[in-house]
Amino acid sequence: MIVSKHLLGLAGVRREEISIILQTAQFFKEVLNRPIPKVPTLRGKTIVNLFFENSTRTRISFELAEKRLSADSVSFSTTGSSVAKGETLLDTVRNLEAMKIDMVVIRHSASGAPHFLATLIDAGVINAGDGRHEHPTQALLDMMTLLDKFGTLEGLKVAIVGDIAHSRVARSNIHGLRTMGAKVALCGPATLLPREPREAFGNDIEIFTNVDDAIRWADALNVLRLQLERQAGGLLPSIREYANYFGITRRRLEAAKRDLVIMHPGPINRGVELESELADSEFSVILDQVTNGVAVRMAVLYLKSGGDLEVANGAG
Amino acid sequence: MPATAPHIKIKGEIMDAAGLNRTLSRLAHEILESNRGVDNLVVVGIRTRGVQLAERLIEKIESFEGRKLPLGSLDITLYRDDLAYRQRALLSRSKQPRIQATDIPFDLEGKVVILVDDVIYTGRTIRAAMDALMDFGRPAKIRLAVMIDRGHRELPIRPDFVGKEVVTTPGEEVRVQLANVDGVDGVLLVEVTQAQT
């Protein structure tokens with residue numbers, strides 16, 4: 001049962017809803033492999049992609065998902081828009097809504113911007129990343145990739161490595177994975193871990209400050225992009241030191257489980273959080289994540305547009 | 001507002017198990033006669049019961065001709081034209097999604113496709129199925145085989161092979177029952193009303 005037309009985050013989203021999205025995404029993955037990878041499902045729907053922050057991967061993934069579903073979509077970025085002239089988010093959205101849109105996909109540097117939007121407009125709101133808060137579709141595509149590899153999330157040990165404190169990807173993953181029965185560990189330098197992780201996410205969260213311990217523990221590593229500005233903020237002594245202590249290398253994987261999987265939300269700082277060769281190795285499912293991203297976003301757009309898949313016997 | 005649930009009243013039996021089997025044999029013969037054999041023929045069933053019927057037609061044809069035709073299954077949910085109507089029920093939805101797998105494991109280019117469904121009613125399912133098929137390739141022909149034609153067409157679509165034509169009212173439904181889905185073979189005429197719960 002999909003209980004809301006919005007997808008603002010994965011905190012509080014029930015296991016049943018996540019399962020439905022992941023199950024639906026599998027069917028859309030089949031659509032992506034057809035000779036004509038497009039269905040007329042959202043024909044007549046208008047979706048606006050509001051990207052107040054730079055993004056390549058997520059924006060293109062959403063745009064592609066919308067086109068594959070035959071929706072009309074318009075993409076908007078702050079550069080060259082009225083936002084550059086000082087227009088507020090509220091004014092921007094009210095203007096867009098007056099143009100009769102059905103759904104908004106929003107990325108914003110302010111945590112909570114999608115929630116603010118959802119209280120103001122009739123259109124469905126999909127969060128494509130808000131500040132340090134959540135990035136639900138990224139977590140869903142991560143879960144889909146893990147399901148493809150392991151067949152279940154129940155009991156799966158997933159270590160999230162890197163800058164957890166500032167990561168919306170980590171936050172959505174923690175909520176989603178725990179809801180689906182996976183075991184989650186956080187690993188990173190103390191300055192980049194949340195202050196009270198167990199208070200925030202639950203007592204069963206494992207914490208590692210030694211990446212080798214995390215690698216030995218994990219079935220899958222979700223390696224986060226190190227935001228290089230953290231060094232300027234004084235949270236890291238140097239990028240080289242981070243790479244030495246927390247960078248995932250083939251040598252470190254000698255202690256890993258044989259079928260360990262490495263994920264990364266991209267873009268990768270090769271040689272910093274992940275050894276360049278490993279990103280293209282047999283451990284990596286990074287390109288699977290990209291493919292699954294389109295399928296997951298198609299599923300979210302479809303289900304949040306009112307997609308109900310019941311077909312009565314002899315209906316037509 | 002009180003919730004409602006469908007109430008089903010059986011109004012009559014259109015076919016029993018033997019009748020359904022005989023009808024399938026006749027349909028298989030008609031398909032072979034019309035195509036002058038099995039050359040270039042493929043069978044695609046519309047999920048769920050269309051696929052089951054397609055499987056049985058393939059078995060019949062194999063018993064007559066000694067050749068097993070390729071089977072494809074088609075889910076047309078993503079091609080339906082009524083998503084907007086369903087949006088109204090968004091917040092009260094309580095059913096599990098039921099997109100089902102589409103599997104066409106052969107090339108449709110130049111083939112004669114026998115599209116199989118259990119009941120033809122408005123014609124919208126068949127329109128959606130033809131749209132979906134075209135996305136998989138360009139068949140030479142699409143021929144439509146249905147077990148029951150219950151009339152009330154909303155689109156100008158006519159099946160090529162019909163098990164039985166049944167006169168119905170819009171309040172009635174035809175239920176094709178198949179042993180491996182429903183536990184029993186047969187065709188029923190039922191009336192569905194919204195019962196108060």
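None of these values were measured; they are calculated from a predicted model. Here is the naming used below: chain letters follow the sequence lines, and residue numbers restart at 1 for every chain.
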So, do Leu78(B) and Tyr302(A) sit near enough that their side-chain heavy atoms are less than 4.5 Å apart? yes
Side chain to side chain donor-acceptor pair (under 3.5 Å) pairs touching residues 105-114 of chain B, sequence neighbours excluded, are none
Neighbour count above 12 (heavy atom, 6.0 Å) for Arg15(A) CZ: yes
Within a radius of less than 6.0 Å around CZ of Arg26(B), do more than 12 heavy atoms belonging to other residues, nucleotides or ligands occur? yes
Residues of residues 29-45 of chain B with a heavy atom under 4.5 Å from any heavy atom of chain A, in residue-number order, are none
Which heavy atom of Phe27(A) sits nearest a heavy atom of Gln100(B), and at what distance? CE2-C, 3.2 Å
Within-4.5 Å side-chain heavy-atom neighbours: Tyr79(B) and Thr41(A): no
Max heavy-atom pair count under 4.5 Å with chain A, selected residue of Thr102(B), Val146(B), Ile104(B): Thr102(B)
Determine whether more than 12 heavy atoms belonging to other residues, nucleotides or ligands lie under 6.0 Å from atom NZ of Lys149(A). no
